[in-house]
Structure formats: C-alpha cells, structure tokens
Visitor: 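Sending over a structure as structure tokens; questions will come in a sec.
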Amino acid sequence: MTLWIRGGDLVDPIKGLVENQDIIIEDGRVSKILPSGEFTEKGGRISIIDASGRLIIPGMIDMHVHLREPGYEYKETIETGSLAGVAGGFTGVACMPNTDPANDNVSVTEFILKQADKAGKLKVYPIAAITKGRKGESLTEFGDLKKAGAIGVSDDGSPVINSELMRRAVEYARYHDLIVISHCEDMHLSEGGVMHEGLISTKIGLKGTPSASEEIMVEREISLARLTGCPVHIAHVSTAGSVNAIRRAKEDGLPVTAETAPHYFSLDHAEVMGYNTNAKINPPLRSPEDVYAIKRGLAEDVIDVIATDHAPHSLLEKNLEFDKAAFGIIGLETALPLTLALVREGILTIQSAVRKLTYSPASILRINRGVVQEGSIADLAVIDPEFEYTLKEEDIMSKSKNTPFIGKRLKGRNILTIAEGQIVWSRDSKHIGCR
Amino acid sequence: MKGFNHKDLLGMEQLSVSDIELVLDTAESMKEVSQRDIKKVPTLRGKSIVNFFYEPSTRTRASFELAAKRLSADTISLSSSGSSMTKGETLIDTAKNLQAMNPDLIVLRHSSSGAPHLLAPEVKAGIINAGDGTNEHPTQALLDLFTIREKKGRLQGLKVAIIGDIKHSRVARSNIIGLKKMGAEVTISGPPTMIPMKAESLGVNVVNNPAEAIKDRDVIMVLRIQLERQSKLLFPNVREYSTYFGINKEVLRNAKEDAIIMHPGPINRGVELASDVADGPFSVILDQVTNGVAVRMALLYLLIGGHKSDVMD
C-alpha cells in the first residue's frame, strides 16, 4: 500500500528548510519527496492524507523516558508508554534502566524489546545500566547488552559516584559504541532536598536541592571527557551553571552533549507553591534565571536535545505529603506544544526546534532516524502548530496523569504519526472510532 | 465588627492584619476565662475536635486539649504510635476516616511541610496547623504576638530579634510573617548553616552575630536547637554552639534594658539559652505557655463557634 501525504509543509531539520512538499511512502520507506502538485497517481492502491495547512516533521525521538516495565506496570507499561509516545508525535523512545529488575542484563533488554514489538507502535531503544543493579559498584556487560539491542548506558536516577568507575565506563562504552548518559547529582548536597533551594523553598519551608548539586557532577563529567576523549551525554540539564559549564566544554571541543526537558524551560520553582506534588521533579524546577539560561542554551545549541524524562507515577506516589511524594512528571504528550512555544517566543526557529526533537537525539544515539528524505525509513508526524487547547486529564494516553500542565492552555499538537510507514496514531480516525 | 472567614488555619500567610487583631482581642476574653475558679464555658458544647499528632508534642498538644475542654468541646487525641498511621495508611485515608466520624475541627501536627494543606481540601472539618515540618506553626506565632502585645502594649514599630536555627524553624517562619504583617521589624541571627538561602526575601535583616543582632531590640526570641541536627553538620557540637550563639547574661548586656526574652520551648538549658536568663526577670517564657491556651481557645471559637461572622462580646 502506498501513502501519499499531500500538501503539507515539510520541515527538514538538517537543511533547515520548510517547503511545501508531497511525500510518497512505500514499503515502510519514503520513496519520493516532490513539490506539491507534481505527483500524479499511476494507479494501484493508494491512501491519501491531506496535510494542507499542517507541518510534517520527522518522527520525534525521545532519548529519555521511563516506561516502568518490568516491575512498575501499574504506572506505565511499554504498551501504554508507546501509545502516549505516538500520540505525542514520537516514533522512537529510549527507555531508562531503573525498572525492577533493573535493565542491567541481556534478559531484561530482550524482554523490553519483545514487549515493544508486541505493542507495535514505535521503536523502543533500551538504555542499559552502567553498573550492576545501578548500585555504582561494578560495570555491566556492555558488549552483550549492545548485542542484545541496548543503545546506551546510564544509571539514571542515581549518579555513578565513584569517579574511577565512571572513567572506566566512558572508556569501555566507546569501544562498544554505546553512549553514556549521566544523571548529574551530588547526592550529599541533594540529600533530603525536594525542590530547588532558593526563594520559594525558603518561603514555604521545604528542603532545597542547590544548583551546585547538579553542577559539580556536570563539571566532573566534563573533566572525564577531557581526560579520556570519550563522549558523555548530560541528562536533564536544569541550571544556568550547568549550561555555562557545557558551553565552555563545547568551546574546548570536548565530546560533550546535553539535553534538557520541556518543563525546565516552561516552568520555574514557583510551580511548587501550594505543595503541588505534580511539580516535584529531580532535578527540581529551578529559578526564573535558570529557565532563561536554559532557553539561551537551547538557542545557542549548547543544549543539543529536548528530551522529556517522561516519569509516570500513580496517585499512590503523588497524592501524599510533598516530601514523601515521588519525583517525576510525564512528558511525552506535552513535549511538542511546549517546544513550539519556544518557536513562537523567538528562541528557536521551527527547524532547530524540530532538530532537537529528531535528528539531534538520533545522532547522539547513533541511529539512522530523525530525518525525512527519499530512501529514509518513513517515520514522521503531521502536526497542527496552531491548534489551541486546555490539557485535560482524560485526554492523556499515558497510564499515569502526573503532569503540572493539566488545566493549562497549550498550543500545537500532533495529528497523525507514521512509524516505519504505518499509521500508528491518528487523532481524526480516533474520533471516527469513537462514534 | 469584622468576621473571621476561614474554614482552616493553615498558616500566618493567610491571615490579614484584622484577622490577627481579632484573634488577639478574642484571646484576651479567653484569658479571663482561664483565670476563673471554674475555668469552663459552654461555648463549644456539642462540638468535637480531633487532636491528630504525627509528631511528639507536650506543650502544644496539652494546650489545644485544655483550650477545647475549657470551651466544653469533646476532644480525642491521636498520636502516630498506636494508630493506623504506623500501619501504612496514607495521611489522606486516615483523615477521610476521621472525617467519616464527623468532627468539627482537626488539629494537625505533622513532620511534613504542607501536610495540612494536603488535607484541607479533602475533609469537611476545619484544619488547624499545629506545626507542619519546617513550614509554619501559626498558633505559636499568634501566642507570641499576643504575649508581645501584652508586655509591650503594641506590635507596630517594635524591633524583634529571632536567634537560632532559622532554616529549620517553623516557629521562626510563622513569627516572621506575623510580625512583619503587624508592622514590627525583624532581625534573624544564627550560624550561617542555619540561615535559609535568600532569607532577605522574607523581609528580615540577617545579622549572624547574636550580640550584634540583639542591639536595641525590644524582643529577643531564642529558638530551640535540635541536638540531632549536629549529625547534619550544622554545628560542630553543643559546647561550640553555646559559646558563639548561646544567649547568656554577657551577651544580653548589648540588649535594651527592658527587652523581653522569649522561647517556644522546650529549652535546652545552657545551650541556646542560659538558665539564669531563662528564669530571669525579663523572661516571658511561661507567659507564652499561659497565653497559648487563651489564643487557642480564641481560634477554636472563631473557627467553629456559632456564626463565623460574629464575634463574642
């Protein structure tokens, strides 16, 4: 079956172009891209998708999600997480290893891939643990994990405290062509902290986590990149100091890359007021100055990637006293509108915004995705950047609803997602299906 | 007459100047009740109050119990040991179960900042915050304001120093908010490890050296040092703390002659406060305790007594 996506404006994040193009998809690949109006049917079965007035972007890649399976299926499963992903416009997600059991061995990696296959919506790229049991004591079997399908390593949620071990991890990971993703946190400085240490924590009497807790570890990872020449990717950058450190590292030509999450450029620590556990995240929402610095960092390409750190939690972990509630918010279904807000604000062009959600993460993960070109795998999303709506809990596809954006106005959303040539999500047909 | 239109008392933040004045004025009548031979009035007959204490407390708990009993309310007390809190029930579930028994007020002491804010929208009963984590302790602040006003005749324009572990003190936070609202000037003092980040944003002066901080002050409020915080690296040991930050006669030479000494209790004698100062002529520490009952009677009355918009003569 042939798919003809007609009349949309294709965003090319590499060439930096937005052009009115028709896209023909055959056998899971993009077979032709040509100016609107030039394509003529030659007969055979063909499905036409009218994309006029819409943007077409490569399927988004979220390099930082928590799918909770195995172990916490009541929060999210690979199936529900996949659904939330394609609803948000993603065709690939990299899932962190803090499951139960942790993804520190081949059997868990294989299980994740099997479940992803069964869900059949999008590509799931397992990130394996750096250390066994994520305990920070000894390395996992990078070679076997890579062979089983792992694409990177991280002890996300807990940093590798032992600097010698981290050094060996980045050296050994390079041999196996695995990216090392570092969750930067000095656990002594952050001990007991439940929000950003600053004006608001002082005002409402909650224990704060200082920015330095993140920055000290960012500086360490930069030092290790300098020492070894090996790549390191910094997860969920949240502070101005981290942005500055990464900027200097890049100026020095070090192989350091970085991501931030939409909440770090959309919200600040005032969101916690009223002890809102849906604003409890690690690293925490920071000060308005940090939010500004994150935006600058994105604009100047100090921060390469926008990743969601999608972290589903049920009411059991969130409807609690603030200091007892779990850290984390979901993000797959809000990443697109929140990123488009930066475009409207003039921080990013549409091309660079799209690049940070597609081609950049694909390059860091060394996967051949994140572009729509003739011959490429047909992963793409048709989006309506102008659609305005209030986010409602019942519209969220993720199994968990822990997001501070419920009730807030958002602008822009995904209409249709195609993964490997298949329509895996369509807002319109969903409505038809409901009748 | 202005009314007291609140279902709950979660913190000083929510109270207006006239709310605070109303509480203090009402407490004066209540204090008179406590001085009678028969210390009981029927005002809250038929009302039930649950004292729900997740954290150990002697003074606050006894004070609330006596306040309720002197107004003829029925009270029960729950503490964390010997209740379902130790059986893994969530705070919200425990509160909803209590609500099902239809109390009029729940007095909550909890180790988590924001716990009463979590409960307030979940239950029909009013909630009084009797201390939540390191956030607020509004009834302590109100009894402190009452005591200061009683001793000094006013609050407006007074100079107050609060000394000790400001960062972890709900008493300090509530007092700062209340004192600022009432027009007093507040200086906080203590080792840098115990001063919260961006403390100036609370509208206070920060002077680390206590001898300097108490200069020209009308009121000196000394906070309890929680000895277990030594393990959190906030100070090297008790001896060092008392040497550099303890309030004794020597340090007090810098203070105004008629400065009053306050402490929320319980005192670590010889640590944050020397015994002769605690027991000295300018100490109003036991007046604070006496006034605590009156202020809490006033709050119970204002929250659940008769029509919320009226005030007793």
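Labels below follow one simple rule: chain letters A, B, ... track the order of the sequence lines, proteins then strands, and each chain is numbered from 1.
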Visitor: How long is the gap from OG on B/Ser113 to CE on A/Met195, to the nearest 0.5 Å?
Guide: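 Result: 10.5 Å between the selected atoms.
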Visitor: Can you confirm whether A/Glu79 is buried at CD, in the sense that more than 12 heavy atoms of other residues, nucleotides or ligands lie under 6.0 Å from that atom?
Guide: no
Visitor: Of all the heavy-atom pairs spanning B/Ala199 and A/Thr202, show the shortest one and how long it is.
Guide: CA-CG2, 4.5 Å
Visitor: For B/Lys198, does the NZ atom sit with more than 12 other heavy atoms under 6.0 Å from it, leaving out its own atoms?
Guide: no
Visitor: Applying the side-chain contact (heavy atoms from CB on, under 4.5 Å) criterion to A/Asn319, which one of B/Asp93, B/Leu118, B/Leu91 satisfies it?
Guide: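 Exactly one pass, corresponding to B/Leu118.
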Visitor: Given the rule in the side-chain contact (heavy atoms from CB on, under 4.5 Å) test, do B/Thr90 and A/Leu320 qualify, once you have shown the distances and angles that lead to the verdict?
Guide: CA-CA 7 Å; B/Thr90 66; A/Leu320 294 176; 4.1 Å; yes
Visitor: So which atom in A/Lys203 and which in B/Arg173 form the shortest heavy-atom distance, rounded to 0.1 Å?
Guide: O-CD, 3.5 Å
Visitor: I'd like to verify something: which residue of A/Leu316, A/Leu199, A/Val194 has the highest number of heavy-atom pairs under 4.5 Å with chain B?
Guide: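 Counting heavy-atom pairs under 4.5 Å, the top option is A/Leu199.
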Visitor: Hey, is OH on A/Tyr292 packed in by over 12 heavy atoms from elsewhere, all under 6.0 Å?
Guide: no
Visitor: Rounded to the nearest 0.5 Å, what separates atom CG in B/Asn135 from atom CZ in A/Phe322?
Guide: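 With rounding to 0.5 Å, CG (B/Asn135) is 12.0 Å from CZ (A/Phe322).
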Visitor: Using a 3.5 Å distance criterion without hydrogens, assess whether the side chain of B/Arg170 forms a donor-acceptor pair with backbone atoms of A/Gly205.
Guide: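 Not a single qualifying donor-acceptor pair exists.
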Visitor: Quick one: does any side-chain atom of B/Ser112 pair with a main-chain N or O of A/Asp323 as donor and acceptor, under 3.5 Å?
Guide: no
Visitor: Would you name the heavy atoms of A/Glu321 and B/His110 that are closest together and state the gap between them?
Guide: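 A/Glu321 and B/His110 have their closest heavy atoms at OE2-NE2, 3.0 Å.
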Visitor: Taking atom CD as the centre, does A/Glu191 end up with more than 12 heavy-atom neighbours from other residues, nucleotides or ligands that are less than 6.0 angstrom away?
Guide: no
Visitor: Non-hydrogen atoms of chain A under 4.5 Å away: do they reach the side chain of B/Glu136, the backbone, both or neither?
Guide: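 Interface part for B/Glu136: neither.
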